[in-house]
Amino acid sequence: MSDIDALLRELAPQVLTAVVRRYGGFDTAEDAVQEALLAAALQWPEEGVPDNPKAWLITTASRRRIEQWRSDSARQRREENVAALTPPDPEPVAGVDDTLTLFLLCCHPELTRPSQVALTLRAVGGLTTAEIARGFLVPEATIGQRISRAKQKIKAAGAEFVLPPAAERAERMDAVLQVLYLIFTEGHTASSGDALNRVELTAEAIRLARILRAELPGDGEVIGLLALMLLTDARRPARVSPDGALIPLAEQDRSRWDATAIAEGVSLITASLATAPIGPYQLQAAIAAVHSEARSAEDTDWAEILTLYDLLRTIAPGPMVTLNRVVAVAMVHGPHAGLGELAAAESDPALASHHRVDAVRAHLLDLAGDTEAARAAYLTASRKTLSIPERTYLETRAARLS
Amino acid sequence: MKYVVLIYGNPESRQAWEGMSEEQRAAGLAYYQQLNDELDATGERIVSERLAMPELTRQVSVRDGAMLTTDGPFAEAKEFLAGFYLLECENFDRAVELAAKIPEASFGVVEVRPVMGLYGTEM
């Protein structure tokens with residue numbers, strides 16, 4: 001990403017909130033800002049970055065907004081007074097909560113999750129539709145439709161550019177955190193070779209989480225999410241071999257982990273666990289921190305990890321929590337204990353035919369020394385996964401056991 | 001998540017189509033257009049195509065570096081691929097829900113298959 005792209009992404013939410021504050025109409029303002037960003041991306045590399053890039057963008061977006069407004073209103077009422085529509089003072093009145101309001105609006109409960117994701121990346125992240133489409137490996141038209149439909153829905157729902165009432169805030173924040181985590185996991189692909197052109201969604205998710213944290217510095221779950229992303233992303237250099245194969249956590253070369261990201265993640269989560277109310281993102285970050293602090297896989301404090309999963313299972317149960325906890329049980333109490341828990345876990349319909357159940361079973365059977373059954377379970381898992389790198393990994397495991 | 005919807009025709013569905021009046025066919029095509037418009041509005045349709053009749057199939061095989069082609073018709077084929085959709089849906093259930101709206105689901109067979117991706121969680 002060029003310096004100009006980075007600058008545009010940074011300024012995008014500030015420009016958008018300024019234009020929305022001045023003219024209202026989130027949907028049209030968002031279009032106008034997107035046009036201004038595209039204009040800047042074309043002009044600035046040629047003509048140089050203006051002295052006050054934010055003011056340039058606000059002015060350009062305002063002009064687009066007024067042009068749109070004029071062409072709309074010309075059709076309706078030509079006598080409309082346009083005197084009120086002069087471009088605003090380029091220095092906007094920056095409401096402290098504006099970026100937070102923008103996050104919450106983009107993750108409006110009327111929208112589907114994929115729409116929330118696309119709109120957040122564009123309106124808060126300042127990405128173009130084309131960049132988002134590349135990130136998700138879908139055509140630009142698909143993302144374009146998703147965004148325009150999302151904005152229509154927001155409009156139809158009568159949602160205003162204001163912070164939701166305090167009573168709704170917690171639920172609405174959950175959606176924002178989920179959207180950011182979804183962006184992160186989507187970018188968290190194993191393969192790098194096939195994805196040269198891919199927008200770095202993990203980096204975008206981390207950047208957005210940092211922006212959110214600046215808006216809500218005391219929110220433990222926002223800190224937890226940021227820490228979780230940093231600690232997970234820190235392992236990226238070790239997670240994939242040069243030929244694109246997945247390397248499991250236990251076999252990763254820990255010297256290749258990003259020590260700076262780990263230090264930041266650990267320090268964030270340590271501080272928030274000491275002060276903020278506990279929540280699922282903080283617990284997941286704490287688990288990631290325990291892994292990252294072990295010098296080798298053998299040094300991992302599995303008892304601590306199991307305690308954290310027990311807590312997580314209480315406050316935020318879910319199929320993946322159940323499965324990961326089973327692995328922790330096996331590491332603390334032995335593979336047979338883990339297999340027993342796994343049999344019970346399978347009664348959850350969400351796990352009934354999930355490939356991860358077979359993958360975990362294969363791993364535990366392997367630990368228990370039942371090579372033949374482990375091999376069969378790896379093959380079953382490999383047939384069920386929808387991930388190409390995972391399938392390769394599971395097939396390789398099976399082949400090693402034959 | 002991406003899903004492919006494979007639409008199969010069979011002799012009965014073909015006969016049904018051939019027995020339709022012009023108006024009925026136009027209505028059938030208009031229904032597809034409407035379905036496509038709806039799926040474009042939700043951003044779920046990536047691409048869809050209607051395939052030419054199976055008689056126009058050419059089978060291609062390469063053996064020892066030599067290409068062999070066989071032209072249709074393949075009378076033995078009871079079911080033939082008549083068209084497909086590539087969808088981007090939130091989950092499998094949604095893809096199935098959309099597949100059920102395809103007219104062939106009423107007299108032919110419609111299959112939904114998930115597309116493999118590069119996403120990979122850490123093992």
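Here the structure is a predicted model, which means the values were calculated and not measured. Convention: sequence-line order gives letters A, B, ...; per-chain numbering from 1.
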Atom pair CG (N91(B)) and CZ (R113(A)), whose distance is rounded to the nearest 0.5 Å:
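Between N91(B) CG and R113(A) CZ, I get 12.5 Å after rounding to 0.5 Å.
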
Search all heavy atoms of [X] against all heavy atoms of [Y] and return the closest pair with its distance.
X	Y	value
P139(A)	I46(B)	CG-CG2, 3.3 Å
T385(A)	M116(B)	O-SD, 3.4 Å
G117(B)	P389(A)	O-CD, 3.7 Å
M1(B)	L386(A)	CE-CD1, 3.4 Å

Should the pair R146(A)-E44(B) be classified as a salt bridge under the 4.0 Å nitrogen-to-oxygen rule?
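Salt bridge absent between R146(A) and E44(B).
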
Over 12 non-hydrogen atoms of neighbours within 6.0 angstrom of [atom1] in [X]:
X	atom1	result
E22(B)	CD	no
Q15(B)	CD	no
E110(A)	CD	no
R391(A)	CZ	no
R113(B)	CZ	no

Does the pair R149(A) and T42(B) meet the rule for a side-chain contact (heavy atoms from CB on, under 4.5 Å), with working shown?
CA-CA 7 Å; R149(A) 193 175 159 87; T42(B) 59; 3.7 Å; yes

Looking only at atom types and distance, does a side-chain atom of K2(B) sit under 3.5 Å from a main-chain N or O of L137(A), one as donor and one as acceptor?
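Yes; judged by distance alone, with no hydrogens or angles, the pair exists.
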
